[in-house]
Amino acid sequence: MYSALYQLLYSTLETLLNIPFWLFGSHVPHWLVFIHVSLILGGVCMMGFITVLALFSVWAERKVSAYMQARLGPMEVGKYHGWLQTAADAIKLLLKEDIVPAGSDKFLFLAAPVLVFSGSMISYVVIPFGPHLKIADLDLGVFYILATSALVVVGVIAAGWSSYNKWSIYGGMRAASQYISYEIPTALHLLPAVLMAGSLNMSQIADSQAYYLGDPSQPFYKDFSILNWAVWPWINPFATVSFILYFIASLAETQRTPFDLAESESELVAGSHTEYSGIRWSFFFLAEYADMFVVSALGTVLFLGGWHGLPLIPPVLEFLLKALFLMFVMMWLRWTLPRLRVDQLTYVCWKVLLPFGFVTILGSGLWQLYLVRTPAGWVAGTVLMAVLLLAMSRIWKSEPVPRDGEMTAAAASA
Amino acid sequence: MFDFLFYLFAVIGVGAALFVAFTPNVVHAALALVPTFGSLAGLYLLLGADFIAVTQVAIYIGAILVLMLFGIMYTHNIARLSGEQVTMQVGAGLVVALITLFSLVAAVISTDWPVRELSEPQPTVRRLGVLFLTDYLLPFEIASVLLLIALVGAVVISHSVQAGKSKDPS
């Protein structure tokens with residue numbers, strides 16, 4: 001079943017890529033092939049994937065939020081739990097009027113959504129969906145993804161400025177400053193995994209997590225490489241901490257709650273895309289969900305072993321399962337946590353994520369030198385993590401310390 | 001293929017740079033730096049310098065350009081000032097421009113440009129890392145110390161501003 005589907009996809013792609021050769025024979029000019037291949041890969045494959053992903057994650061987000069608020073959410077369109085609701089919404093958005101506000105900077109206003117969306121779309125070039133399913137196996141994969149988010153920042157600023165609207169410009173500035181300040185902890189917390197793999201190449205990082213503990217020729221380790229993911233404390237406890245903190249930083253990178261100050265509805269209407277409507281607005285929306293998937297995929301590849309680990313599941317499916325699970329956690333947090341204030345935002349970045357980033361880099365470097373793949377390392381990592389979890393659960397259970405003018409629940413009831 | 005991409009990036013880069021120089025709108029000028037830097041990154045990529053290309057995008061677009069945009073946005077009504085551009089110091093500017101032009105042209109003419117077939121691009125990250133920690137350790141450390149000095153300086157400056165404010169009796 002799986003291989004038949006793969007065959008079908010493969011032959012379709014091959015047919016599409018061969019079109020210029022049918023038209024011109026073997027004398028087809030190189031630049032035409034170049035443009036054709038980029039159009040097929042970028043326009044058909046990546047656009048198709050991102051659109052389908054965004055449609056269903058928006059639906060999932062609405063269902064998740066509905067469940068958490070004891071509602072039903074969309075139930076009508078498509079019979080089964082409203083699964084076609086967002087497709088209907090997309091058609092509606094396509095047909096809506098494209099409004100350009102008077103006084104706006106027309107060209108920039110029209111170009112900004114394209115800039116934002118292409119910034120998140122070009123990250124998909126290096127994401128390995130499976131051992132062979134990737135567009136480019138860049139040697140710089142992780143660095144490339146970090147660099148391309150620069151375009152998103154510029155696009156968001158352009159959108160905010162060109163709208164000629166106070167809310168838009170405040171939203172754009174907030175979003176941009178949040179992006180560039182959280183880029184540093186994101187990069188820092190990715191580094192332990194890069195250190196462990198000794199490479200920036202995404203597929204090599206994923207492959208390096210297949211056989212840490214054992215001999216790759218043994219079938220047992222091949223099937224149960226789940227114990228070898230970089231995130232597990234017996235591999236490297238610093239990477240475990242890094243993964244959690246990377247996830248927090250990536251929430252801020254994608255402007256998700258609790259870090260959604262840039263589009264806080266109660267203050268700024270909708271942030272930098274307040275003035276946008278119709279298809280241009282939906283580009284911002286697509287970019288948001290595309291970004292969520294990129295950071296989830298990055299976390300999956302660097303810390304959760306990419307497509308390695310779970311037995312009996314085809315690699316591509318496994319990769320998608322892990323990445324979509326991380327996206328689900330993002331949705332879960334969105335409907336659970338309140339928004340941070342701006343001073344809390346800077347506090348988290350500079351006083352929590354950044355110092356911990358330096359500690360984890362130094363620590364995992366030393367760990368890689370002396371303790372990795374030794375029995376002492378397995379024991380030490382496991383014990384360390386157990387102690388940490390115990391301490392955290394103690395903190396969790398303990399009564400919060402009352403601040404000035406604040407009453408604890410116990411004091412209030414007494 | 002190489003020629004096609006080279007001329008594509010060159011035309012985009014030079015065109016965008018000209019736009020940066022001549023547009024009266026300062027925000028447009030800043031944003032036109034995106035294609036300029038982007039096409040430069042493309043040229044680096046054509047020469048097989050993938051690390052430099054990605055760094056170009058990360059540093060110039062992601063940091064320097066965003067810094068410029070912040071500066072523009074936090075300046076009051078800067079977009080309205082666009083019509084009042086004046087050219088000052090024509091003489092001095094002309095002298096500097098002519099000297100630069102002359103030295104550039106002289107350099108272009110006096111160099112004999114060796115042409116040879118491009119070898120297959122090699123992955124550069126590992127070799128760059130090794131070189132940074134062996135042959136070029138001192139420049140690498142000096143650069144990092146320089147950045148650290150800049151960071152500390154920024155903290156000191158902003159701190160002294162805050163301290164001055166707090167001394168204010170109001």
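Below, chain A is the first sequence line, B the second, and so on; all start at residue 1.
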Peer 1: Indicate the atoms forming the closest heavy-atom contact of B:Val54 with A:Ala147, along with that distance.
Peer 2: CG1-CB, 3.6 Å
Peer 1: May I have the step-by-step check of side chain to side chain contact (heavy atoms under 4.5 Å, CB included) for A:Thr148 and B:Val57, ending in yes or no?
Peer 2: CA-CA 7 Å; A:Thr148 49; B:Val57 173; 5.7 Å; no
Peer 1: Need one label for B:Ile61: side chain, backbone, both or neither, based on atoms under 4.5 Å from any heavy atom in chain A.
Peer 2: both
Peer 1: Taking CZ in B:Phe4 as the centre, count heavy atoms belonging to other residues, nucleotides or ligands within less than 6.0 Å. Is the count above 12?
Peer 2: yes
Peer 1: Would you mind telling me which of A:Phe143, A:Tyr144, A:Tyr179 has the largest number of heavy-atom pairs within less than 4.5 Å of chain B?
Peer 2: A:Phe143
Peer 1: Heavy-atom count check: over 12 atoms from other residues, nucleotides or ligands less than 6.0 Å from A:Phe356 CZ?
Peer 2: no
Peer 1: Need one label for A:Leu138: side chain, backbone, both or neither, based on atoms under 4.5 Å from any heavy atom in chain B.
Peer 2: neither
Peer 1: Which atoms of A:Ser149 are under 4.5 Å from chain B, going by heavy atoms: the side chain, the backbone, both sets, or neither?
Peer 2: neither
Peer 1: Take atom OH of A:Tyr170 as the centre, draw a 6.0 Å sphere, and report whether it contains more than 12 heavy atoms from other residues, nucleotides or ligands.
Peer 2: no
Peer 1: Apply side chain to side chain contact (heavy atoms under 4.5 Å, CB included) to the pair A:Ile180 and B:Phe70, showing each step before the final yes or no.
Peer 2: CA-CA 11 Å; A:Ile180 55 171; B:Phe70 272 126; 3.4 Å; yes
Peer 1: So how far is it from A:Leu200 CG to B:Asp50 CG, rounded to the nearest 0.5 Å?
Peer 2: 10.0 Å
Peer 1: Please classify the contact of B:Phe51 with chain A as side chain, backbone, both or neither, using a heavy-atom distance under 4.5 Å.
Peer 2: both
Peer 1: Identify which of B:His28, B:Arg126, B:Gln56 forms the greatest number of heavy-atom pairs closer than 4.5 Å to chain A.
Peer 2: B:His28
Peer 1: What part of B:Leu5 lies closer than 4.5 angstrom to a heavy atom of chain A: side chain, backbone, both or neither?
Peer 2: side chain
